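Beneath this line is the structure, given in structure tokens, with notes to follow.
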Amino acid sequence: MALTARERDQRRRQIVISDYSVCYTCRQTGLTAENLFCPVCGFPQRGTQQEQYKFIVDQRVKRSTIRASEDVVSRGRTYMFIVAGLNMLSFASGDTLSIIIGLIISSIYLGLAFWAGKNPFPALLTALLFYVSLQLFIAMIDIEYFLSGVLLKIAVAGTLLYAIYAVKDVERMRKELPEGRNANGANDG
């Protein structure tokens, strides 16, 4: 007898746990009959199929959100590289002192962009504070120069701020994920 598409879909979604002493998602061992939920990741080891499936779907949604947030952080880093380049271009046509100042500022942005690859939150926060402070300083010296690209400056500051919030979301969601799985959902180990 052939199965309907709905029945095939339900069978595919069915979670089969052969050993209740090992968590289905994080592979924690030593679970007992009293462990309705995994003490490490919270998977409803002895729950209903619906509870187990919902848990797995929720984890996949969190992983997907983490990947999207990581893309935002990556864009924040890219903007820092762009700001470094644009900053250097804006100082390049000046005298020697202007070129040196431009090199120093661009080097700071480059250093922050590379640092954001390892530790994004403090790097992006520092970049935002440095960027806003520098723009305010420029506005005090030459308001016309500041106003000439104000929309781009607001966009850069907004992107950095958004990336900072994304970093915090990634950190929070990573803490909520089971430790036995990596960001792609595959087992570590």
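We use all heavy atoms of the structure for the numbers below, so side chains are in, but hydrogens, waters and symmetry mates are not. None of these values were measured; they are calculated from a predicted model.
Among T159, L160, L128, I108, the one residue that satisfies the side chain to side chain contact (heavy atoms under 4.5 Å, CB included) test with M80 is L160.
Hydrophobic clustering, with ILVMFWY side chains joined whenever heavy atoms are under 4.5 angstrom apart, groups L136 together with F146. Residue F37 is not grouped with residue V57 when hydrophobic side chains (ILVMFWY) are merged at heavy-atom distances under 4.5 angstrom, including chains of intermediate members. I82 and I138 end up in the same hydrophobic cluster when Ile, Leu, Val, Met, Phe, Trp and Tyr side chains are linked at under 4.5 Å. In terms of hydrophobic clustering, with Ile, Leu, Val, Met, Phe, Trp and Tyr side chains grouped at heavy-atom distances under 4.5 Å, V83 and F130 are assigned to a common cluster. Cluster annotation: V132 and Y165 are assigned to the same hydrophobic cluster (Ile/Leu/Val/Met/Phe/Trp/Tyr, side-chain heavy-atom contacts under 4.5 Å, transitive).
Between the side chain of R77 and the main chain of A113, a donor-acceptor pair closer than 3.5 Å is present. In this structure, Q52 contributes its side chain and F43 its backbone to no donor-acceptor pair below 3.5 Å. Side-chain N or O atoms of Q45 include one that pairs as donor or acceptor with a backbone N or O of V22 at under 3.5 Å. Judged by distance alone, with hydrogens and angles left aside, the side-chain atoms of N35 form no donor-acceptor pair with the main-chain N or O of C38 at under 3.5 Å. Between the side chain of T65 and the backbone N or O of V61, at least one donor-acceptor pair lies under 3.5 Å.
Nearest heavy atoms, N87 versus S106: ND2-OG, 3.1 Å. Smallest separation of non-hydrogen atoms from I15 and Y53: CD1-N, 3.6 Å. Scanning all heavy atoms of the two residues, the minimum distance from Y109 to A84 falls at CB-CB, 3.7 Å.
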Query - side-chain contact (heavy atoms from CB on, under 4.5 Å) evaluation trace for M88 with I99 - result: CA-CA 8 Å; M88 195 56 231; I99 292 172; 4.1 Å; yes

Report task. Take C23 and V40 through the test side-chain contact (heavy atoms from CB on, under 4.5 Å) and record every step on the way to the result. Result -> CA-CA 9 Å; C23 177; V40 175; over 6 Å; no

**Report entry** ring pair (Phe, Tyr, Trp, His ring centres under 6.0 Å) assessment of F81 paired with F114
**Finding:** CA-CA 9 Å; F81 285 119; F114 285 117; 5.2 Å; yes

Requested in this report: Please lay out, stage by stage, how T29 and D19 fare under the test side-chain contact (heavy atoms from CB on, under 4.5 Å).
Outcome: CA-CA 10 Å; T29 59; D19 184 2; over 6 Å; no

Query raised in the report: Going through the distances and angles, do D71 and S74 end up as a side chain to side chain donor-acceptor pair (under 3.5 Å)?
Result: CA-CA 5 Å; D71 290 343; S74 178; 6.0 Å; no

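We find the CH2-CZ distance between W115 and F121 to be 10.5 Å, quoted to the nearest 0.5 Å. One finds the CD1 atom of I101 at 8.0 Å from the CG atom of D95 (value rounded to the nearest 0.5 Å). The line from CZ of F137 to CG of D142 is 11.5 Å long, rounded to the nearest 0.5 Å. Interatomic distance, CG of L31 versus OH of Y24, reported as 15.0 Å (0.5 Å rounding). With rounding to the nearest 0.5 Å, the separation of CG in L161 from CG in L124 is 10.5 Å.
D58 and K54 are joined by a salt bridge, as a carboxylate oxygen and a charged side-chain nitrogen come within less than 4.0 angstrom of each other.
A side-chain donor from one of E34 and T32 sits under 3.5 Å from a side-chain acceptor of the other.
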